[in-house]
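The block underneath contains the structure these notes are about, expressed in structure tokens.
All ligand and atom numbering here is 1-based and tracks the order in the structure.
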Amino acid sequence: MVQWKAEERAAIQAVFAKLDYESVGRETLTRLLVVYPWTRRYFGGFGNLFNSEAIMANPKVAAHGVVVLKGLEMALKNMDDIKNTYASLSELHSEKLQVDPGNFQLLGDCLTVVIATRMRSEFTPDIQAAWQKFLAVVVSALRKQYN
Ligand code: HEG
């Protein structure tokens, strides 16, 4: 069972409070698809993902970015039980979407880069430490149904 210190909860809340889901979601997913091009294979129904300009301008990418961030918000609202909260999402990614679970960490890394570019010096080492712990728990919960 993961334990959260009050400062960690506050730090994670503070990061979320600054997130504009629309632009952060779009940029995070764009980075994932550009930096790790094999991830495009899961989004065959999204139309043109040919290069970074096309990906950035793709409305389906933008919409899915918001979906992913709302998924993370579910974890934020259930920080003491992320595993159960994510049980069906994990099953979906494993059994239906067949997403290689290594990609969860990559998406988390892209999100962290986007947050760092937005928050700049406000993204202190302590805030980052709490944030990365949160992402680690999210990734582990998403991997659960792969076992
Ligand atoms: Mg996933 C659907 C969340 C990583 C590929 N993803 C979804 C959905 C959510 C979600 C909430 C909608 C589920 C539903 O319709 O019930 N995804 C989510 C999170 C994370 C993640 C929180 C990681 C932090 N997803 C992820 C990665 C890939 C991926 C790394 C592929 C590289 N997700 C994926 C695809 C769909 C979803 C292909 C279906 C998209 C669609 O058809 O609209």
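Per-atom contact check: atom 33 (N) of ligand 1 touches the protein, criterion being a heavy-atom distance below 4.0 Å.
Every atom of ligand 1 with a heavy atom of L142 under 4.0 Å away is listed here by number and element: 20 (C), 23 (C), 24 (C). Within ligand 1, the atoms closer than 4.0 Å to a non-hydrogen atom of N103 are 30 (C), 32 (C), numbered from 1 in the order shown. Those atoms of ligand 1 with a heavy atom of Y42 less than 4.0 angstrom away are 31 (C), 32 (C), 38 (C).
Taken from CE in M56 to CG in L33, the straight-line distance is 11.5 Å, to the nearest 0.5 Å.
Looking only at distances, no side-chain donor or acceptor of S90 sits under 3.5 Å from a matching main-chain atom of Y86. Between the side chain of N48 and the main chain of N58, no donor-acceptor pair closer than 3.5 Å is present. Although no hydrogens or angles enter the test, the distance criterion places a donor-acceptor pair under 3.5 Å between the side chain of W4 and the main chain of M79.
Applying the salt bridge (Lys or Arg N to Asp or Glu O under 4.0 Å) criterion to E73, with sequence neighbours excluded, gives K77.
With waters left out, the protein N, O or S atoms under 2.8 Å from atom 1 (Mg) of ligand 1 add up to 1.
Counting only non-hydrogen atoms, the option in F43, Y36, F46 that gets closest to atom 41 (C) of ligand 1 is F46.
Remark: R9 engages D80 in a salt bridge, criterion side-chain N to carboxylate O under 4.0 Å.
No more than 12 heavy atoms of other residues, nucleotides or ligands shown are found within 6.0 angstrom of NZ on K144.
Here the closest non-hydrogen pair linking H93 and Y146 is O-OH, 3.1 Å.
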